Amino acid sequence: VLEDVVRVFGAEGGAVYLMNGEQEELARGYGELDETDEEGISVPLRYEGDQIGTIKLGKRKSGEGYSPRDMKLLRDTASLLAATLQAQKE
């Protein structure tokens, strides 16, 4: 799923972090992701009000910034991903 999200958004890379106790741990990475790059975006993965992780995308290969529409699409994707991850746990 992460690979598809990175491709759809045209990002250089991305990562999914999942909560392990009070800390997030890298669950999956794809491509190049510079954690210090302010051009990237991140959205919490939430399930039933609890944050279970974060999805992060690096800057776009085109150099364009992310739009409010992009943020909404990533939030919607994160919601589906969180539900899928939680279902796999149960």
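Remember, it's a predicted structure, so these values are computed and weren't measured experimentally.
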Asker: Do you know the tightest heavy-atom contact between L45 and A78?
Answerer: CD2-O, 3.5 Å
Asker: Could you tell me whether the side chain of L74 reaches within less than 4.5 Å of the side chain of V5, counting heavy atoms only?
Answerer: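 Contact flag for V5/L74 side chains = yes.
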Asker: Membership question, hydrophobic clusters at under 4.5 Å side-chain separation (ILVMFWY): are I41 and I55 in the same one?
Answerer: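 Linked, I55 and I41 end up in one cluster.
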Asker: Are any of the side-chain heavy atoms of R7 and Y30 separated by less than 4.5 Å?
Answerer: yes
Asker: In terms of hydrophobic clustering (I, L, V, M, F, W, Y; side-chain heavy atoms under 4.5 Å; direct or indirect links), are L85 and Y47 co-clustered?
Answerer: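 Hydrophobic grouping puts L85 with Y47.
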Asker: What I want to check is whether the side chains of S67 and E64 have a donor and an acceptor closer together than 3.5 Å.
Answerer: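 No pair is found: no donor N or O on one side chain lies under 3.5 Å from an acceptor on the other.
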Asker: Please examine the side chains of L18 and E24, heavy atoms only from C-beta on, and report whether any two atoms are closer than 4.5 Å.
Answerer: no
Asker: Are D76 and S79 linked by a side-chain donor-acceptor pair shorter than 3.5 Å?
Answerer: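 No, no side-chain donor-acceptor contact under 3.5 Å.
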Asker: Looking at D34 and K56, is any side-chain nitrogen of the basic one under 4.0 Å from a carboxylate oxygen of the acidic one?
Answerer: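 The answer is no: the pair does not qualify as a salt bridge.
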Asker: Among V43, I52, V16, exactly one meets side chain to side chain contact (heavy atoms under 4.5 Å, CB included) together with L81. Which residue is that?
Answerer: V16
Asker: Answer yes or no: is there a donor N or O on one side and an acceptor on the other, between the side chain of R60 and the main chain of G65, under 3.5 Å?
Answerer: yes
Asker: I want to check something: taking the side chain as every heavy atom from C-beta on, are F9 and L73 in contact at a cut-off of under 4.5 Å?
Answerer: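 F9 vs L73: side chains touch.
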Asker: Would you say that L33 contacts L57 through its side chain, given a criterion of any heavy-atom pair below 4.5 Å between the two side chains?
Answerer: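 Sidechains of L57 and L33: no contact.
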Asker: Is the closest side-chain heavy-atom distance between K59 and E32 below 4.5 Å?
Answerer: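 The answer is no, as the side chains (C-beta and beyond) never meet within the 4.5 Å cut-off.
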Asker: To check you understand the geometry: which heavy-atom pair defines the closest contact between A15 and L26, and what is its length?
Answerer: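 In this case the closest contact between A15 and L26 is CB-CD1, 3.7 Å.
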Asker: Quick one: closest heavy-atom pair of A11 and Y66, and the distance?
Answerer: CB-OH, 3.4 Å
Asker: Determine the minimum heavy-atom distance between V6 and G14, stating which atoms define it.
Answerer: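 Closest approach of V6 to G14, heavy atoms only: CG2-N, 3.6 Å.
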